[in-house]
Amino acid sequence: MTVTRRPKGSTLADLRRLALALPGVTERPSYGTPGFRAGGKLFARLREDGQTLVLRVSDIDRDLLLRTAPAVFYLTDHYKSGPWILLRLAAAKPALLASHLIDAWRTVAPPRSLAAFDGDD
């Protein structure tokens, strides 16, 4: 009998499921890869390597994540000047991915979507 074990980290299927569960999120290609938007604004996309998530983040959070979780988060020169961080999907458990997707989504989500998510009807 062959036992298939789930990877410890996250997959594209996890990313898609978690992102599309957020109110008002749509998936559209970004640079030829899956991109996730709220209110028409990009907050996350899969990088061309298929293993890395480009994630919107504040400068303060980015610096903290780079210092405290370098096995999960990193930067390349291309992303140093913008509000983005790179997340290694294989190194991020789905709960961690969900938390950071929500944070990224909150930076661009319209007020109506935020209210729906927070239960402020």
Side-chain angles (χ1 to χ4, degrees):
M1 174 169 80
T2 303
V3 176
T4 304
R5 294 181 187 248
R6 183 175 179 353
K8 291 180 182 176
S10 298
T11 64
L12 174 57
D14 294 325
L15 168 60
R16 186 172 275 130
R17 175 180 51 80
L18 293 166
L20 293 175
L22 296 167
V25 171
T26 58
E27 180 179 344
R28 275 196 344 245
S30 177
Y31 298 97
T33 65
F36 301 93
R37 292 171 171 76
K41 296 177 183 174
L42 186 70
F43 69 93
R45 78 167 186 90
L46 191 65
R47 204 159 177 228
E48 292 80 0
D49 65 8
Q51 304 297 313
T52 306
L53 181 64
V54 179
L55 192 62
R56 189 169 191 90
V57 67
S58 73
D59 288 341
I60 293 169
D61 289 341
R62 180 171 68 181
D63 292 342
L64 179 64
L65 293 170
L66 290 170
R67 281 195 316 267
T68 60
V72 178
F73 299 98
Y74 70 104
L75 281 179
T76 62
D77 288 341
H78 179 76
Y79 293 101
K80 283 185 179 175
S81 64
W84 304 98
I85 197 166
L86 301 172
L87 179 149
R88 293 177 180 93
L89 285 173
K93 292 182 180 180
L96 179 74
L97 175 62
S99 174
H100 290 289
L101 275 173
I102 291 167
D103 289 346
W105 169 79
R106 284 186 176 281
T107 67
V108 299
R112 180 178 284 179
S113 293
L114 291 168
F117 184 78
D118 293 334
D120 299 338
D121 296 340

Please state whether the rings of Phe36 and Phe43 are parallel, tilted or perpendicular, taking 30° and 60° as the class boundaries.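 It falls in the tilted class, 30° to 60°.
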If you take all heavy atoms of [X] and [Y], which pair is closest and at what distance?
X: Lys8; Y: Lys93; answer: O-CG, 3.5 Å
X: Gly24; Y: Ser113; answer: CA-OG, 4.0 Å
X: Pro94; Y: Leu18; answer: O-CD1, 3.7 Å
X: Pro70; Y: Arg67; answer: CD-O, 3.9 Å
X: Pro110; Y: Ala38; answer: CD-C, 4.2 Å

Which one of Asp61, Leu53, Leu55 satisfies the side-chain contact (heavy atoms from CB on, under 4.5 Å) criterion with Ile85?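 That would be Leu55; it is the only one of Asp61, Leu53, Leu55 passing the side-chain contact (heavy atoms from CB on, under 4.5 Å) with Ile85.
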Main-chain N/O of [Y] paired to [X] side chain as donor or acceptor, under 3.5 Å:
X: Thr107; Y: Ala104; result: yes
X: Trp105; Y: Ala44; result: no
X: Arg37; Y: Arg28; result: yes

Partners of Arg112 by salt bridge (charged side-chain N to carboxylate O under 4.0 Å, His left out), sequence neighbours excluded?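 Counting only residues at least two positions away or on another chain, Arg112 forms no salt bridge (charged side-chain N to carboxylate O under 4.0 Å, His left out).
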Which residues pass the salt bridge (charged side-chain N to carboxylate O under 4.0 Å, His left out) test with Arg45, sequence neighbours left out?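 Arg45 satisfies salt bridge (charged side-chain N to carboxylate O under 4.0 Å, His left out) with Glu48 only.
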Give, for atom [atom1] of [X] and atom [atom2] of [Y], the distance between the pair rounded to the nearest 0.5 Å.
X: Gln51; Y: Arg88; atom1: CD; atom2: CZ; answer: 11.5 Å
X: Trp84; Y: His78; atom1: CH2; atom2: NE2; answer: 10.0 Å
X: Asp14; Y: Leu89; atom1: CG; atom2: CG; answer: 8.5 Å
X: Ser10; Y: Arg17; atom1: OG; atom2: CZ; answer: 8.5 Å
X: Lys80; Y: Asp77; atom1: NZ; atom2: CG; answer: 4.5 Å
X: Leu65; Y: Leu86; atom1: CG; atom2: CG; answer: 12.0 Å

Is there a continuous path of hydrophobic side-chain contacts, each under 4.5 Å between heavy atoms, that joins [X] to [Y]?
X: Val108; Y: Leu20; result: yes
X: Leu97; Y: Leu75; result: yes
X: Leu87; Y: Leu64; result: no

Go through Leu15 and Leu101 one step at a time and tell me if the side-chain contact (heavy atoms from CB on, under 4.5 Å) criterion holds. CA-CA 9 Å; Leu15 168 60; Leu101 275 173; 3.8 Å; yes
Between Val72 and His100, is there a side-chain heavy-atom distance shorter than 4.5 Å?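 Side-chain contact under 4.5 Å: no.
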Checking Arg47 against Thr33 for the side-chain contact (heavy atoms from CB on, under 4.5 Å) test, could you report, in this order, the C-alpha distance in whole Å, the side-chain angles of both residues, the deciding distance, and whether it holds? CA-CA 7 Å; Arg47 204 159 177 228; Thr33 65; over 6 Å; no
Short N-O contact, Asp59 and Arg62, less than 4.0 angstrom: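 Counted as a salt bridge, because a side-chain N and a carboxylate O are separated by less than 4.0 Å.
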Has Glu27 got more than 12 heavy atoms of other residues, nucleotides or ligands less than 6.0 Å from its CD?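 Yes.
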Go through Leu22 and Ile102 one step at a time and tell me if the side-chain contact (heavy atoms from CB on, under 4.5 Å) criterion holds. CA-CA 8 Å; Leu22 296 167; Ile102 291 167; 3.8 Å; yes
